[in-house]
Amino acid sequence: MLSPQRRDQLTGLALLAPTVLLFAGLIFYPMAQSLFLSLHKVSTLTQRTQYVGLANFQALFADPAFLTTFFNTIVWTVGAVLLQLVLGVAGALVLNGRLVGRSLARGLLLFPYLLPTAVAVLVWRWLFNDLYGLINHVLMSVGLIAAPIAWLSQSPNAMITVILVGSWKFFPFVIIAVLARLQSIPESLYEAAQVDGASRWAQFWDITLPQLASVLSVVILLRGIWDFKEFDLIYLMTGGGPGISTQTLPILVYREAFQLLNFGRGAAVAVTMFGFMLLFFAVHIWATRHHETEGR
Amino acid sequence: MTNRSGYRRQAALDRRALLAGTGAVFVTLATPQIVRAQAKTTLRFWTSQGAPAQMAAWKDIFARFEQANPRFTVAIELFSDDDIWPKLTAGFAAKNLPDLVSFVQAYTVATLAANDLLEPIDEVVKAVGEDDFFPAMRDIYKIDGRYLAATLNNATSSNLWYRKDLLGEAGLKPPVTWDEQLAAAKAMTKAGVYGNSLPYGRTSFASTMMVNFIHQAGGMIVNPDGSVGLNAPSTVAALEFLNEIAAYAPPGATSYSWGEVLNSFVTGRAAMAPYTGRPIAIVADQNPKILDSVSVIPYPYARSGHAAFDCPFNSVFIPKGSANVTGAKLLATALFEKRNYIQFLHTTPGHILPSLKSISTAPELFEQPLMKRFKPEIDLMMQSTAKARNLVKEADASPYNLKAGDIFNSAALSEMLQNVVVNKMPAKQAAAKAADKVAEVLKG
């Protein structure tokens, strides 16, 4: 006969078990599998494996293309997140003010986020087309350029274009998050600042921005993670080209695993990505806590 | 009470009888279907050719096959050239494979052959007639005396489509050598029209064309003795020509692949472009006003080199692990039957060309109006295709290059081109770098 205490313990474990199993199956198993694969030479086609230790990682770090790809990933992530923050905060401030047709504007600004990536990319590729694109046509019509610009086929145009499109696609997420926070900032803070003669800029800098700090911290974290592993938008826009000037780490994973049929090398890139994201996560948490401690 | 319970019993009996009767009817009606379904075997057919006209042709062809072979039904499953590897690898990993795969290039077949993942199909080639195949198209899939695939049909992009009217206005003749092509490109580049379009992107089209350009300059990627032949003056000459003629290509050509090159020519924005015979149907459909002004010639070559043509050898093969090898062989053989074969070629007039001599001379082939109208061009492309080669077997003396797919997938060739045209690397340095990469692939 079990004691009531023991029975409670077992009940607790039984209740926890499904969650633990789910986590193990959905998170720990793929992680362990990736790590396992990264230490092996694996043919994607035949699944034949051969233990190679750290050789995949050594080959990766010795490859200049990997370092370029890593640098591209950082440029893309930082560029896209920064632009999304600027656009998102600006958009949220506009939508939070007194605006005719505010509900309609809110709906329209969410539109890019709701649009499937493949559709959005098709539209933008047409707009940026070297022969028929509206953007070149307009710029040439107003005399800003004499000949069409290769927006997606020359470096650094391609990376800049991809960052612009990516920011357009994902900045509504920042609007949603920031707008929710803006609506909860007490109006009395602004009234007091006005009484003290604070300018609009001073109100934004000393009231709005500090109030947004916590939500922006979460937004930077989430968007940083999502953009760091963004694949479809970049792959569909440029395929990583010209050359490898817009190739990011997720595209390299795909190329190694499914074009070069080397799952081990692909997994090594994925594990490196994971390690870097963990580092980013740790630094971000530390910086946020440090900032909060200083604020107190 | 008695009446009510009797009524209930009666009603219950009626419901029971109704249910039993319905069940009996259902079973009676369903049994032949079930028996029929159990008796039939479904053959899974993979193809990348799924345009509406092609799907209609497949359905007709398979309806005739099913009528002649009542044991089988055929299920069509589409793939795209971009997702063939993810689909195939998933299929092999899950042991969930198609029975017959079509329209896969020789490079891919080489990689599968290297990994022993193909079922020999000697019976199919013999049933079709070994001698009826154009020799290069038959032998490309003969490895160690066995046919591991068959060239279902073919196409070559080593043609140069050009605008007769624009070339005439420039007072030039169709170019035969690269020098002449360069002069023509320069002369035809005018406001809104680019003299020449080429795929400079890091794409399969660029790699395909690069193989051909090196052959046209008299070089080889892999020598018959297995050494890398890429780091040679012929490669440098090809790269320098491509860099020079890039000045007359649309600004976005550095990311161009198949679609963009075709589009630039069909819409009249490029005066010359390499392609298979596909422009015939597309121009007729989308820009008919230039239809009389377009024609095709064999792609020019280096003055110090020779004419050379590259083609994909669109294959049909049975992956090892197919659940219905016998049925798949029957189906493969049926695809080569004259009526089926020509019906499918008519879906994309001039684009896909026959691998069988008997079909290339069949009057029925030219019954399709556009094929009839462009018969001289199609005859020319058939001649080029019959002489075409591929990285899998670059010369008669070359052994079967089982690493051809790996070289192709490594993008060493398109990267080399981009290094010169986009990154402005000296051609000699780019050739040496690419040669190292190919050597590494061959070693791995």
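Predicted model only: the values in this text are computed from it and were never measured. Quick note on labels: first sequence line is chain A, next is B, and so on, each numbered from 1.
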Original post:
Between A:Tyr132 and B:Asn263, is a side-chain contact (heavy atoms from CB on, under 4.5 Å) present by the stated rule, with each step listed?
Top reply: CA-CA 11 Å; A:Tyr132 320 101; B:Asn263 193 271; 3.1 Å; yes
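- Contacts of B:Tyr200 with chain A are absent, with no heavy-atom separation under 4.5 Å from either backbone or side chain.
- Contact of B:Ala411 with chain A is not made at all, since no heavy-atom distance falls under 4.5 Å.
- In this structure, A:Lys41 places its NZ atom where only 12 or fewer heavy-atom neighbours from other residues, nucleotides or ligands lie under 6.0 Å away.
- Note: A:Thr46 OG1 to B:Asp116 CG = 10.5 Å, rounded to the nearest 0.5 Å.
- The backbone N or O of A:Leu131 sits less than 3.5 Å from a side-chain atom of B:Arg269, completing a donor-acceptor pair.
- Annotation: maximal heavy-atom pairing with chain B below 4.5 Å, among A:Gly240, A:Ala257, A:Gly243, occurs at A:Gly243.
- Within 6.0 Å of atom CD in B:Glu440, 12 or fewer heavy atoms from other residues, nucleotides or ligands are found, so the atom counts as exposed in its surroundings.
- The closest donor-acceptor contact from the side chain of A:Ser153 to the backbone of B:Gly252 lies under 3.5 Å.
- Other residues, nucleotides and ligands contribute over 12 non-hydrogen atoms within 6.0 Å of the CZ atom of A:Phe231.
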Subject >> Full working for side-chain hydrogen bond (donor to acceptor under 3.5 Å, both in side chains) between B:Tyr256 and A:Asp130 >> reply: CA-CA 10 Å; B:Tyr256 275 16; A:Asp130 60 327; 2.7 Å; yes
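- Contacts between residues 107-114 of chain B and chain A, counted as heavy-atom pairs separated by less than 4.5 Å, involve B:Thr111, B:Leu112.
- Side-chain contact check for A:Thr44 versus B:Phe92: every heavy-atom pair is 4.5 Å or farther apart.
- Under the 4.5 Å side-chain criterion, counting only non-hydrogen atoms from C-beta, A:Phe258 is not in contact with B:Asp83.
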**OP:** Take B:Asn409 and A:Arg255, measure what side-chain contact (heavy atoms from CB on, under 4.5 Å) needs, and give me the verdict at the end.
**Re:** CA-CA 9 Å; B:Asn409 292 336; A:Arg255 284 208 163 129; over 6 Å; no
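- Between A:Asn129 and B:Glu260, the closest side-chain pair of non-hydrogen atoms is not below 4.5 Å.
- Inspection of non-hydrogen atoms places B:Val422 of residues 420-438 of chain B under 4.5 Å from chain A.
- Counting heavy-atom neighbours within 6.0 Å of A:Phe61 CZ, excluding the residue itself, gives a total above 12.
- Heavy atoms of A:Tyr254 lying under 4.5 Å from chain B belong exclusively to its side chain.
- Contact count versus chain B (heavy atoms, under 4.5 Å) is highest, among A:Pro148, A:Gly241, A:Ser43, for A:Pro148.
- Separation of atoms OG (B:Ser255) and CZ (A:Arg125) is listed at 6.5 Å; rounding is to 0.5 Å.
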**OP:** Could you check B:Trp85 against A:Leu45 for side-chain contact (heavy atoms from CB on, under 4.5 Å), going step by step and ending with a plain yes or no?
**Re:** CA-CA 8 Å; B:Trp85 279 122; A:Leu45 205 50; 3.5 Å; yes
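- Looking at B:Ser264, the atoms closer than 4.5 Å to chain A (heavy atoms on both sides) sit in the backbone and in the side chain alike.
- Nearest heavy-atom pair across A:Pro242 and B:Gln418 is C-OE1, 3.4 Å.
- Only the side chain of A:Gln247 comes within contact range of chain B, judged by heavy atoms closer than 4.5 Å.
- Of all the listed residues (B:Ile84, B:Thr267, B:Leu417), the one sharing the greatest number of non-hydrogen pairs under 4.5 Å with chain A is B:Thr267.
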Original post:
Would B:Asp406 and A:Leu260 count as a side-chain contact (heavy atoms from CB on, under 4.5 Å) if you check the C-alpha gap in whole Å, the side-chain angles of each, and the deciding distance to 0.1 Å?
Top reply: CA-CA 7 Å; B:Asp406 296 337; A:Leu260 300 175; over 6 Å; no
